[in-house]
Amino acid sequence: MKKIQCLEMSGISKSFQGIPANQDIDLCVEPGEIVGLLGENGAGKTTLMNILYGLYQPDSGQIKINGKSVRINNPVESINHGIGMVHQHFMLVQNHSVIENIALGYKETPFFFPKIKIRKKIELFSKKFDFHIDPDKKIWQLSAGEQQRVEIIKALLNGADLLILDEPTSVLTPQEIEELISILREMKSKGHMIIFISHKLDEIMEICDRVMVLQKGKIVGSSDTKNTDKKSLARMMVGRDVVFNINREKLIKGKKILSVENINVIGDKGLLALKNISFELFKNEIFGIAGISGNGQRELAEAITGIRPISSGKVTVNGQDITNKSPRHIYDNGVSHVPEERIRFGIAPGLFLYDNAILKQHHLKKFSRRYFLKYNQIKNHTKTIVNKFKISTHSINSQIRNLSGGNIQKLILGREISEQPQLLVASHPTYGLDVGATEFLRKHLLELRKQGSAVILFSEDLEEIFELCDRVAVIFDGEFMAVLDSDDKRFSDIGLMMAGSKRI
Ligand code: ATP
């Protein structure tokens with residue numbers, strides 16, 4: 001197969017149920033080039049890339065490789081043309097090892113499993129692009145960054161000259177982002193082409209040579225990154241100026257809402273994931289939990305919201321003991337939850353938008369009477385969330401799985417915030433949101449705080465933590481390294497503490 005010297009998409013259009021997702025899009029990439037694709041949630045970025053990867057067929061337009069028009073009917077054909085894609089949600093079999101997963105997707109895998117050959121290839125590619133991966137580890141034992149590397153090796157092994165990365169950094173730790181950037185630079189220097197979808201403008205500016213901006217399915221701008229800046233890109237994307245730094249008003253904290261006393265919790269691997277964690281949280285307060293993912297954040301959120309058993313210790317909300325109570329009981333006591341894994345735990349993908357808008361709330365009087373749901377009220381409620389959060393959807397009667405990733409996240413946030421919770425447990429709430437929606441959400445969290453709610457914010461984004469939180473606990477290996485007030489001088493040490501190298 002000939003190497004890709006030039007890839008062109010021209011006049012690409014695609015509609016779903018008559019609603020355009022891509023309109024007359026032109027895009028071209030050349031060897032050694034990293035092209036950024038930017039756009040609001042639902043702008044059509046993933047759809048365009050799914051067309052290039054053969055997952056969707058365009059309604060019109062053509063794809064040319066090295067000047068020759070090609071029709072890409074499915075991902076196998078795309079791979080055969082030298083195109084690879086790393087999706088937003090990884091496509092790996094969790095109980096299989098790295099080698100087995102790579103063999104599964106390897107186009108030259110014969111009938112018998114060529115373990116030695118694949119191991120050698122993994123070693124070769126790890127060396128060539130300067131990264132390490134243990135071929136015998138099971139996928140569930142790997143961090144998000146390592147899983148992503150498996151996806152990248154899968155694509156490279158299949159001879160990808162062009163690699164599409166759909167929001168590759170949203171699930172990575174700051175350290176893993178640095179590693180990914182260096183892998184991409186290495187690929188670029190070896191002549192690979194990369195299309196990089198991201199909402200993080202700093203990254204786009206750092207990595208990409210060129211950036212294209214999509215709005216409502218159309219290209220509204222394109223520029224070399226050296227000739228533009230963050231502000232102009234944001235304006236091009238959302239059609240207005242975006243405020244990157246939000247002011248947090250000083251508030252006097254109110255009465256105690258949450259008390260966590262010496263809780264111990266077992267993680268998925270059967271080991272202690274939280275060790276003697278204690279803290280209190282008050283009205284009008286945002287309490288940040290900063291840490292590199294995998295250090296107990298998920299277990300803490302799940303323990304408080306009733307999804308994971310607490311082995312010892314006690315949790316109370318407004319003085320009521322909620323330790324090991326059901327998620328519904330805890331929800332009814334005023335605790336809302338935006339989970340880390342939105343598709344697995346935040347929604348029911350096959351149900352309609354309006355069903356998803358009342359998950360956990362269907363028993364409330366305003367939504368049901370005896371055994372019957374009040375669909376008019378439910379639909380009106382859904383429309384209010386859709387309008388308030390500017391969710392891009394054809395209809396509230398469509399299955400939520402058809403929404404773009406960021407719009408799914410907006411619906412979950414709308415649902416969890418709409419009932420004005422006493423306590424909101426929010427894990428990475430801005431994950432996958434575009435810059436405009438991120439600004440909106442952050443302002444909304446501050447508004448919730450002003451109105452008297454308490455918020456626990458799990459985040460790896462230090463900027464977000466500094467901007468929103470009144471107090472921050474740094475979590476490492478299931479323990480709090482420190483709990484600091486936002487005006488504490490030691491705040492600048494949070495990065496070091498996240499890596500476990502300092503305890504106060
Ligand atoms: P995000 O940043 O939130 O991931 P995006 O720019 O990648 O957004 P797409 O996923 O391409 O957006 O979605 C573009 C539009 O197409 C959205 O309105 C979405 O609801 C719609 N869409 C995508 N796939 C389907 C589908 N299979 N059926 C119906 N509509 C779809």
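As the structure lists them, so they are numbered: ligands from 1, and atoms in each ligand from 1.
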Among all protein heavy atoms in this structure, tell me which lies nearest to atom 19 (C) of ligand 1, with the distance rounded to 0.1 Å.
Asn402 O, 3.3 Å
Judged by atom type as modelled, is there a donor-acceptor pair below 3.5 Å linking the side chain of Glu146 to the main-chain atoms of Ile133?
no
Atom 16 (O) of ligand 1: which protein heavy atom is closest, and how many Å away?
Ala21 CB, 3.5 Å
Tell me whether Gly39 has any N or O atom under 3.5 angstrom from an N or O of ligand 1.
no
Find all atoms of ligand 1 within a distance of less than 4.0 Å from any non-hydrogen atom belonging to His199, and give their numbers and elements.
2 (O)
Ion pair present between Asp209 and Lys188, side-chain N to carboxylate O less than 4.0 angstrom?
yes
Starting from atom 24 (N) of ligand 1, which protein heavy atom do you reach first, and at what distance in Å?
Tyr56 OH, 3.3 Å
side-chain contact (heavy atoms from CB on, under 4.5 Å) involving Ala303 - partner list, sequence neighbours excluded:
Ile263, Val265, Ile310
Backbone of Val93 reached by a side-chain donor or acceptor of Asn101 within 3.5 Å:
yes
Quick one: does ligand 1 sit under 4.0 Å from the side chain of Thr46, the backbone, both or neither, non-hydrogen atoms only?
both
Verdict with supporting geometry, Gln94 and Lys138, side chain to side chain contact (heavy atoms under 4.5 Å, CB included):
CA-CA 7 Å; Gln94 294 288 317; Lys138 303 270 190 219; over 6 Å; no
Around atom 23 (C) of ligand 1, find the nearest protein heavy atom and jot down its residue, atom name and distance.
Phe16 CE1, 3.5 Å
If the plane angle is over 60° it's perpendicular, under 30° parallel, otherwise tilted; pick one for Phe389 and His444.
tilted
When you check the gap from the basic side-chain N to the acidic O, do Glu186 and Lys190 get nearer than 4.0 Å?
yes
Under 3.5 Å donor-acceptor, Ser97 side chain and Glu100 backbone:
yes
What are the two closest non-hydrogen atoms of Pro339 and Ile412, and how far apart are they?
CD-CG2, 4.2 Å
closest protein heavy atom to atom 4 (O) of ligand 1 is Gln88 NE2, 3.4 Å
Taking only non-hydrogen atoms of Leu403 and a 4.0 Å limit, the atoms of ligand 1 in range are 20 (O)
Considering Thr47, Leu37, Asn50, which one's heavy-atom position lies nearest to atom 9 (P) of ligand 1?
Thr47
What protein heavy atom is closest to atom 18 (O) of ligand 1, reported as residue, atom name and distance in Å?
Ser392 OG, 3.6 Å
At a 4.0 Å threshold, what atoms of ligand 1 neighbour a non-hydrogen atom of Gly405?
3 (O), 4 (O)
Closer than 4.0 Å to some heavy atom of Glu167 - which atoms of ligand 1 meet that?
2 (O), 4 (O)
Under 4.0 Å from any heavy atom of Asn41, which atoms of ligand 1 are there?
1 (P), 2 (O), 3 (O), 8 (O)
Nearest protein heavy atom with distance in Å, relative to atom 8 (O) of ligand 1
Gly42 N, 2.8 Å
For residues 412-428, which residue pairs qualify under salt bridge (charged side-chain N to carboxylate O under 4.0 Å, His left out), counting only residues two or more places apart or in two chains?
Lys360-Glu416, Lys366-Glu419
Considering only the protein, which heavy-atom contact is closest to atom 10 (O) of ligand 1, and what is its distance?
Ser404 CB, 3.4 Å
Of the backbone atoms (N, CA, C, O) and the side-chain heavy atoms from C-beta on, which set of Glu40 has a member under 4.0 Å from an atom of ligand 1: side chain, backbone, both, or neither?
backbone
Would Gly432 count as a polar contact of ligand 1, with the cut-off being nitrogen or oxygen pairs under 3.5 Å?
no
Mind checking whether Lys45 has an N or O less than 3.5 Å away from an N or O of ligand 1?
yes
Pull out every atom of ligand 1 sitting under 4.0 Å from any heavy atom of His394, numbered as shown with elements.
29 (C), 30 (N)
Geometric cation-pi criterion Lys14 and Phe16, 6.0 Å radius, 45° cone:
yes
Derivation and outcome, side chain to side chain contact (heavy atoms under 4.5 Å, CB included), residues Ile417 and Ile385
CA-CA 10 Å; Ile417 290 174; Ile385 296 179; over 6 Å; no
